[in-house]
Amino acid sequence: MPIRLHDSLTRSLKELKPAQADGVFRFYNCGPTVYAPAHIGNFRTFVVNDVIRRLLDLEFGPGKVKHVRNLTDVDDKTIKRARDEGRPLAEVTKQWTDKFHADCDALNCLRPHVEPTATGHIREQVDMIDVLMKKGNAYRAADGSVYFKVSSFDGYGRLSRVKERELRPEAVSALSGKSQAVDADEKEDATDFALWKAHKPDDGANSWDSPWGAGRPGWHIECSAMSKKHLGETIDLHTGGVDLLFPHHENEIAQSECCNGREFSHHWYHSEHLLVDGKKMSKSLGNLYTLDELIAKGFTAQTVRYALLMGHPRKQLNFTLESLHAAESALNTLRNLRKSFKTPTPAASIDRTAFDPVLAALKDDLNIPAALGSLFTIVNRNDAGTDLAAFDRVMDTLGFKLELPEAKIEIPQDIKDLAEKRWAAKQAKDWTGADALRKELHDRRWVMFDAKDGYKLEPLKR
RNA sequence: GGUGCGGUAGCCAAGUGGUAAGGCCGAGCUCUGCAAAAGCUCUAUUCGGCGGUUCGAUUCCGCCCCGCACCUCCA
């Protein structure tokens, strides 16, 4: 059964398959800007893309998928951060790249095969801009910036239907307003966008030479240049969050197709935003979570991963602390369930198809909630068989690591002492004393779980 | 104003022209000094509202109401 996935360009379900003769599936996923910790909204997209990657590996074989995800390590935000902190840009972006990697690892996201950086591909970007200049798709403004001439590309707006949109009156005035004035004055048309940004004092040392003078690449050109270098002129699948649909991906198409003279990507996929408490995350609403903050609340990264996968990727998902609790319980059920499966003997005739409906749901437009539903349905009906390998294959595809022991938590000595006291009281059948100590532990946010021959301490979850 | 996506049980969330998956919570039971864990069982005569098409609509069509997002920083 082939993988079918919604294509944002044609707005239809299309089969995923490698177009080129070598049979390698070329997958480009827009990565983060490394200037701060990514929030869980960012991670919804990366976790969804991780499931795509795993599904592709399953379908075509791990060696037949090439996954590229970029790091934007030079732009207004990264430069501002470095300037504010008085540190070199490379140092700041390294710090946040490392953090991003650590978070991705915790969430059990597979590393892409190539993770190119914008600063590592200045020449490739300059080369592309050069071609666009020569072909008449770009022009140099008086200040040395280079802009893409949107009117030179007939296909512009096909992805985002930008021509069908009408600019809101406020948006029109904003274009001639203060924040846009610097660029807008230099541009021939308000819709043109920067390929190369002439050096400004605020950029500091972050400047590279180019045929058009010192400066730095615009944001959009990096993905065009890096996907071309690592995947070739035409790729099989390009993904990102919905907000990238316009202008980022629209602009990528314009640059790449004008430069290369051929289709840029066969397939486009955009995952919807994560909402927190019903609203888009934003600093002003104070509803922006990072992985660390959720872990500090006592949840594991696996729980966060599960919660991020509870909704259909193309629908907005409302994230709440309550949904995290639901995820935690569901994951726990899965964890217990796993213990009931057995490692099959090689010769045993086992049913490897038991979980096929789960995989089928994933292959049907990445319907993760349906896949999860199907998984539990199979289990509840006792149709799961006993094959651990079949079960694990499904868990692997979803990226759930059930066998991993949870991180060791430090238990303070005084808590340990209280627990010992209670255990002794219990052994002495001093129920009143034991209950009082249990309550005391609870007040200090620890829970004691009794077993036949011992006990376990866990911090109280909030 | 334009564009797009939604409104399904207390919460989250699939789905289909033929009578509602699943998860969480909750309840009951088993087990158990208590608690927890674990296991079992139960939990929408109903799918935003009003019309229409149809033998039959939550599913198709029309209108209306409500929510969210996007409209050149943004996963």
Side-chain angles (χ1 to χ4, degrees), chain A residues 8 11 29-33 38-49 72 75-77 80 150 160-172 174-175 179-180 183-184 190-194 219-220 239-248 250-251 270-275 278-282 306-308 310-312 314-320 322-334 336 339-340 357 361 367-381 426 429-432 434-435 438-439 441-442 447-452 455-456 458:
Chain A
S8 310
R11 287 169 207 96
N29 169 18
C30 279
T33 302
H39 55 66
I40 51 164
N42 297 314
F43 282 120
R44 155 123 112 144
T45 298
F46 295 124
V47 167
V48 164
N49 273 274
T72 298
D75 77 325
D76 291 350
K77 283 176 294 194
K80 181 174 189 308
V150 165
S160 62
R161 292 181 170 181
V162 75
K163 284 171 184 166
E164 286 89 331
R165 299 185 189 193
E166 276 182 29
L167 277 183
R168 182 176 54 179
E170 303 94 89
V172 173
L175 283 175
S179 61
Q180 307 276 337
D183 280 357
T191 59
D192 292 348
F193 56 91
W219 172 40
H220 312 297
T239 65
V242 265
D243 52 309
L244 296 185
L245 208 131
F246 184 82
H248 187 53
E250 195 71 64
N251 292 354
H270 295 91
S271 46
E272 253 297 348
H273 277 303
L274 186 73
L275 266 33
K279 299 277 181 198
K280 182 181 172 175
M281 276 183 291
S282 72
Y306 193 103
L308 294 176
M310 289 201 303
H312 189 113
R314 284 196 295 110
K315 274 176 78 170
Q316 292 168 351
L317 175 67
N318 190 23
F319 182 89
T320 60
E322 202 181 329
S323 67
L324 228 32
H325 281 115
E328 188 172 45
S329 298
L331 221 34
N332 197 249
T333 303
L334 254 21
N336 285 316
K339 294 174 190 154
S340 67
N367 195 337
I368 298 170
L372 255 16
S374 167
L375 173 66
F376 282 100
T377 302
I378 291 165
V379 168
N380 294 341
R381 286 184 191 153
K426 181 188 158 125
K429 297 199 189 296
D430 170 16
W431 307 133
T432 320
D435 287 350
R438 173 188 288 292
K439 185 175 185 310
L441 280 164
H442 189 272
V447 190
M448 194 163 167
F449 300 117
D450 295 353
K452 277 200 185 69
Y455 60 88
K456 201 170 64 174
E458 275 185 19

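Within every chain, numbering begins at 1; the chains are lettered A, B, ... in the order of the sequence lines, protein sequences first and strands thereafter. Side-chain atoms are counted along with the backbone in the values below, which use heavy atoms only and exclude waters and symmetry mates.
Under the Watson-Crick and G-U wobble criteria, each requiring two contacts below 3.5 Å, nucleotide C47(B) is left unpaired. A 3.5 Å limit on both hydrogen-bonding distances identifies A69(B) as the Watson-Crick or G-U partner of U3(B). Across the strands present, A14(B) finds no partner; the criterion is a Watson-Crick or G-U wobble pair with both atom distances under 3.5 angstrom. Base pairing of U19(B) is not made with any nucleotide, judged by Watson-Crick or G-U wobble geometry with both donor-acceptor distances under 3.5 Å. When both distances must be under 3.5 Å, the Watson-Crick or G-U wobble mate of G33(B) does not exist. Applying the Watson-Crick and G-U wobble criteria (two distances, each under 3.5 Å), U54(B) pairs with nothing in any strand. Look at C42(B): its Watson-Crick or wobble partner, with both distances under 3.5 angstrom, is G26(B).
Between the CG atom of N318(A) and the P atom of U8(B) there is a distance of 12 Å, rounded to whole Å. C70(B) atom P lies 11 Å from atom CE of M281(A), rounded to whole Å. If you measure from atom CD of Q316(A) to atom C1' of G67(B), you get 9 Å, rounded to the nearest angstrom. Taking atom CG on L317(A) and atom P on C5(B), their separation rounds to 18 Å, with Å as the unit. Per the geometry, CZ belonging to F319(A) stands 18 Å off C1' belonging to C68(B), to the nearest Å. Taking atom NZ of K456(A) as the reference point, atom C1' of A35(B) lies 14 Å away to the nearest angstrom. Between K339(A) atom NZ and A38(B) atom P the separation is 8 Å, expressed in whole Å. One can place CG of L324(A) at 13 Å from P of C25(B), the figure rounded to the nearest angstrom.
Among the protein residues, N367(A) comes within range of the sugar-phosphate backbone only, with heavy atoms under 4.0 Å from sugar or phosphate atoms but none that close to a base. Across all strands shown, D75(A) has no heavy atoms under 4.0 Å from either base or sugar-phosphate atoms. Residue H39(A) is classed as a base contact, given a heavy-atom separation below 4.0 Å to a base. Among the heavy atoms of the strands lying under 4.0 Å from G41(A) is at least one base atom, whether or not backbone atoms are also near. Counting non-hydrogen atoms under 4.0 angstrom, S329(A) reaches the backbone sugars and phosphates but no base. Within the 4.0 angstrom heavy-atom criterion, base atoms lie near K280(A). Counting any heavy atom pair closer than 4.0 Å across all strands shown, N332(A) reaches sugar-phosphate atoms only and no base atom. Contact annotation for G373(A): base contact, defined as any heavy-atom pair under 4.0 Å involving a base atom. Within 4.0 Å of T333(A), counting heavy atoms only, lie sugar-phosphate atoms of the nucleic acid but no base atom. Here K426(A) lies in heavy-atom contact (under 4.0 Å) with a base. Within the 4.0 angstrom heavy-atom criterion, no nucleotide atom of any strand lies near L375(A).
Judged by distance alone with a 3.5 Å cut-off, no donor-acceptor contact links the side chain of R44(A) to the base of A75(B). Checked by distance alone, D243(A) brings no side-chain donor or acceptor within 3.5 Å of a matching partner on the base of C73(B). Donor-acceptor pairing under 3.5 Å, judged by distance alone, is present between the side chain of R438(A) and the base of C34(B). The base of A69(B) lies outside donor-acceptor range of the side chain of H273(A), with no N or O pair under 3.5 Å. Within 3.5 Å, a donor on the side chain of D435(A) pairs with an acceptor on the base of G33(B), or the reverse.
Using the six-membered ring where Trp is involved, H220(A) and F193(A) have ring planes that are perpendicular, over 60° apart on the 30 and 60° scheme.
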Show the numbers, then the answer: is there a side-chain contact (heavy atoms from CB on, under 4.5 Å) between W431(A) and K429(A)?
CA-CA 5 Å; W431(A) 307 133; K429(A) 297 199 189 296; 3.8 Å; yes

Check the pair D243(A) / K280(A) against salt bridge (Lys or Arg N to Asp or Glu O under 4.0 Å), numbers first and verdict last.
CA-CA 12 Å; D243(A) 52 309; K280(A) 182 181 172 175; over 6 Å; no

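Between A14(B), A36(B), A75(B), one nucleotide has an atom nearer to the side chain of F449(A) than all others, and that is A36(B). Listed nucleotides G23(B), A13(B), A75(B) differ in distance to N42(A); the shortest reach to its side chain belongs to A75(B). The E322(A) side chain lies nearest to C11(B) when the options are G22(B), C11(B), A75(B). Picking from A69(B), A75(B), G22(B) the nucleotide with the shortest atom distance to the side chain of L274(A) gives A75(B).
To the nearest 0.5 Å, atom CG of residue D435(A) and atom CZ of residue R438(A) are 7.0 Å apart. From N49(A), atom CG reaches atom CZ of R44(A) across 11.5 Å, with rounding to the nearest 0.5 Å.
By the 4.5 Å heavy-atom criterion applied to side chains, L245(A) and S8(A) are counted as neighbours.
Annotation: U46(B) and A9(B) have their C1' atoms spaced 9 Å apart (nearest Å).
For W431(A) and G33(B), the ring-to-base geometry satisfies the stacking test (centroid distance below 5.5 Å, interplanar angle below 30°).
With I40(A) as the fixed residue, the side-chain contact (heavy atoms from CB on, under 4.5 Å) test singles out one of L274(A), L324(A), V47(A): L274(A).
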